[in-house]
2 protein chains.
Amino acid sequence: MPQIDRSLIADAPAFAGLDAAALDDVLSHALPCRLPKGEAAFRQGEPAEKFFLLLHGRLRVTRLNAQGQQILVRFVNPDDLFGVAMAIQSPVYPGTAEAAVDSLALAWPNSAWAGMIARHPTLAVNTMRALGARLQDSQQRILDLSTQKVEQRIAGAVLRLARQAGRPSEAGVKIDFPLSRQDLAEMTASTLYTVSRTLSAWEAFGLVEAGRQSLTVRDAPGLQAIADAEG
Amino acid sequence: MPQIDRSLIADAPAFAGLDAAALDDVLSHALPCRLPKGEAAFRQGEPAEKFFLLLHGRLRVTRLNAQGQQILVRFVNPDDLFGVAMAIQSPVYPGTAEAAVDSLALAWPNSAWAGMIARHPTLAVNTMRALGARLQDSQQRILDLSTQKVEQRIAGAVLRLARQAGRPSEAGVKIDFPLSRQDLAEMTASTLYTVSRTLSAWEAFGLVEAGRQSLTVRDAPGLQAIADAEG
DNA sequence: GGCGGAATTTGCGCGCCGACAAGGAAGGAG
DNA sequence: CTCCTTCCTTGTCGGCGCGCAAATTCCGCC
């Protein structure tokens, strides 16, 4: 078994409050999992046999309905848990997680979960908080879908991405992983056509700089004003 | 301190796996909380000082956006936890919970939470599962909002309500609490006008029986067919 | 350097469903 | 019984944004 350095996971909120010995115990059951761009950690409907912590990179979690239409549930950022189907007693993964860029994760077999939370109850509390935060996000998204117009939702999504995965660049804050018009459409319950038109209009106003699978926010307050507009 | 009977909460999933002594310990911190129809257990934005378990009745949880538009987040059923803001580290309630019918709940001060999960780690696991289930529901709802037409969403909402709160009656399965067109609109990101038209059409086909704040499902498979239709 | 495919742009038309207006029905209070 | 409030129904109109088609640009790859 390869020895994994404790410092890799010490900063993850999921393992906050665990001491060095506990971290070593947790790590002793983990296996590294390389995910080249495009590869899936798991696919919707597969038996849920593992859960993961993202160390480096970025994953897209998507969900299909019966008719094959797809939405983008969320992006997984470093230090996030993902694939925690066993926390909700689901025998299968409810979505698909694939690498948006070359990524590295740690994987634990589900069988290790029960022992881990029994020995380290803090883990259950931390996981509860993580789920609670995601529940909050989901309910906010439902509210946005229910009450906002498409342009506002796209503005909100872009601002959130810039906050979570933005890197300062010459022209503003650049979202530092490939992001297509289709991705934004699947995040905002819209279509790639509408997203394309919207970004073109914003670019004309100097709010963003839009490229092929790339997006730079030039005027965050301007976007925020669009997101906050009533209508 | 009034002695509350253990059997009141023994069936709640939140307290599954706790023995009699643990249940008594939990109950020793609880206070009964009567909620006449229309009264709120808490309102959005208030400091979150308590969490609750519904014993009897039915609550509507709503959420407002900055412009005052409202959605109906969920109905709270007996044996459900609600107001668990502290599980997600939120200092205020993110929504409003008001009684749809005369209801009875148990309330705990937030200060009791830390001790309770420390003494009974199963509680954290149970709460985690409950949050996970709600997260699943929320993500399914986002998928529905993103990919379905209004009529399908209304059909889905009605079927879910009939399953959760249906009581067999002469003509079919009656949803056994007051439910207005406005409620259904707020659940499905629609308007009371569209909901009214839809129910009228369904009634003409014999799928449902719609009254003032009341709804009876006569042909669940027929509704399911509408919900499943592609388009 | 040229080729092929994927991502994006843009024009055009129409359909769902939201918004307003006005009227009707049901139920509770006195 | 009557009033008044709340809830519901139904008609009409119009706009947002989806859907298709087709052209264009960009990038990787051979």
Side-chain angles (χ1 to χ4, degrees), chain A residues 36-38 60 67-72 100-102 144-155 157-158 175 177-204 208-216 226 229-231, chain B residues 36-38 60 65 67-72 98 100-102 144-155 157-158 175 177-204 208-216 226 229-231:
Chain A
K37 174 175 176 170
R60 297 173 26 159
Q67 282 82 44
Q69 292 158 292
Q70 182 172 278
I71 64 165
L72 206 163
V101 296
D102 290 345
D144 292 346
L145 282 173
S146 302
T147 62
Q148 296 187 321
K149 300 216 181 280
V150 166
E151 188 182 15
Q152 297 178 277
R153 298 203 299 268
I154 300 174
V158 168
I175 293 166
F177 57 86
L179 180 77
S180 70
R181 308 290 181 273
Q182 179 73 37
D183 289 334
L184 275 171
E186 289 175 9
M187 296 179 71
T188 57
S190 176
T191 63
L192 77 151
Y193 309 110
T194 300
V195 172
S196 175
R197 279 183 250 269
T198 304
L199 291 184
S200 296
W202 288 351
E203 193 155 29
V208 301
E209 211 154 288
R212 195 187 179 77
Q213 307 219 74
S214 93
L215 191 59
T216 302
I226 291 175
E230 56 194 280
Chain B
K37 173 175 177 172
R60 299 173 28 167
N65 71 2
Q67 282 81 44
Q69 293 159 292
Q70 181 172 279
I71 63 166
L72 207 165
E98 60 185 349
V101 296
D102 290 345
D144 292 346
L145 281 174
S146 302
T147 62
Q148 294 188 322
K149 301 221 181 279
V150 165
E151 188 181 15
Q152 297 178 276
R153 299 204 298 267
I154 300 173
V158 168
I175 293 167
F177 57 86
L179 180 76
S180 69
R181 308 289 181 271
Q182 179 73 35
D183 288 335
L184 274 171
E186 289 175 8
M187 296 179 71
T188 56
S190 178
T191 63
L192 76 147
Y193 309 109
T194 299
V195 170
S196 175
R197 278 183 246 272
T198 304
L199 291 184
S200 296
W202 288 351
E203 193 155 29
V208 300
E209 212 154 287
R212 191 187 180 77
Q213 308 218 78
S214 93
L215 192 58
T216 303
I226 290 174
E230 57 193 282

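Naming convention: chains lettered A, B, ... in sequence-line order (proteins, then strands); numbering from 1 in each chain. Computed over heavy atoms, backbone and side chain alike; hydrogens, waters and symmetry mates excluded. Just so you know, these numbers come straight off a predicted model, no measurement behind them.
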Asker: For A/W202 and C/dT8, give me the distance from atom CH2 to atom C1', rounded to whole Å.
Answerer: 16 Å

Asker: Does OP1 or OP2 of C/dA7 have a side-chain N or O of A/S180 closer than 4.0 Å?
Answerer: no

Asker: Identify the heavy atoms of A/L192 and A/A185 that sit nearest to each other, and give their distance.
Answerer: N-CB, 3.5 Å

Asker: Would you say that A/T198 contacts A/L184 through its side chain, given a criterion of any heavy-atom pair below 4.5 Å between the two side chains?
Answerer: no

Asker: Assign B/A189 to base, sugar-phosphate, or nothing according to its heavy-atom contacts below 4.0 angstrom with the strands shown.
Answerer: sugar-phosphate

Asker: To the nearest 0.5 Å, how far apart are CZ in A/R197 and CH2 in A/W202?
Answerer: 14.5 Å

Asker: Which heavy atom in A/R60 sits nearest to a heavy atom in A/A100, and how many Å separate them?
Answerer: CG-CB, 3.9 Å

Asker: Could you tell me if the side chain of A/Q67 sits less than 4.5 Å from the side chain of B/T147, heavy atoms only?
Answerer: no

Asker: Atom CG of A/L184 and atom P of C/dT9: how far apart are they, to the nearest Å?
Answerer: 11 Å

Asker: Looking only at non-hydrogen atoms, find the nearest pair between B/A210 and B/E203 and report the distance.
Answerer: N-OE2, 3.0 Å

Asker: Taking atom CD1 of A/I71 and atom CG of B/L145, what is their separation to the nearest 0.5 Å?
Answerer: 9.5 Å

Asker: So how far is it from A/L72 CG to A/D183 CG, rounded to the nearest 0.5 Å?
Answerer: 5.5 Å

Asker: Is there, by distance only and without an angle test, a donor paired with an acceptor across the side chain of A/R197 and the base of C/dG11 below 3.5 Å?
Answerer: yes

Asker: Round to a whole Å and report the spacing from CG of B/L192 to P of C/dG18.
Answerer: 10 Å

Asker: Indicate yes or no: at least one non-hydrogen side-chain atom of A/R181 is less than 4.5 angstrom from one of A/L199.
Answerer: yes

Asker: How would nucleotides 22-30 of chain C be written as a contact map, 5' to 3', with B for base contact, S for sugar-phosphate-only contact and - for no contact, using protein heavy atoms under 4.0 Å?
Answerer: ----BS---

Asker: Please report, rounded to the nearest Å, how far the C1' atom of C/dG18 is from the CZ atom of B/R181.
Answerer: 18 Å

Asker: Could you list where the contact with chain B starts and ends along DNA chain D, reading 5' to 3', using a 4.0 Å heavy-atom cut-off?
Answerer: D/dT6 to D/dT12

Asker: Does C/dG18 have OP1 or OP2 under 4.0 Å away from a side-chain N or O of B/T191?
Answerer: yes

Asker: To the nearest 0.5 Å, tell me how far B/Q213 CD sits from B/Q182 CD.
Answerer: 11.0 Å

Asker: How bent is the helix from C/dG1-D/dC30 to C/dG30-D/dC1, comparing axes over its five end pairs at each side, to the nearest 10°?
Answerer: 40°

Asker: How long is the line joining CG of A/L145 and P of C/dG18, in whole Å?
Answerer: 14 Å

Asker: Looking only at heavy atoms, which two atoms of A/D102 and A/K37 are closest? And how far apart?
Answerer: OD1-N, 2.7 Å

Asker: To the nearest angstrom, how far is B/K149 atom NZ from C/dC14 atom C1'?
Answerer: 12 Å

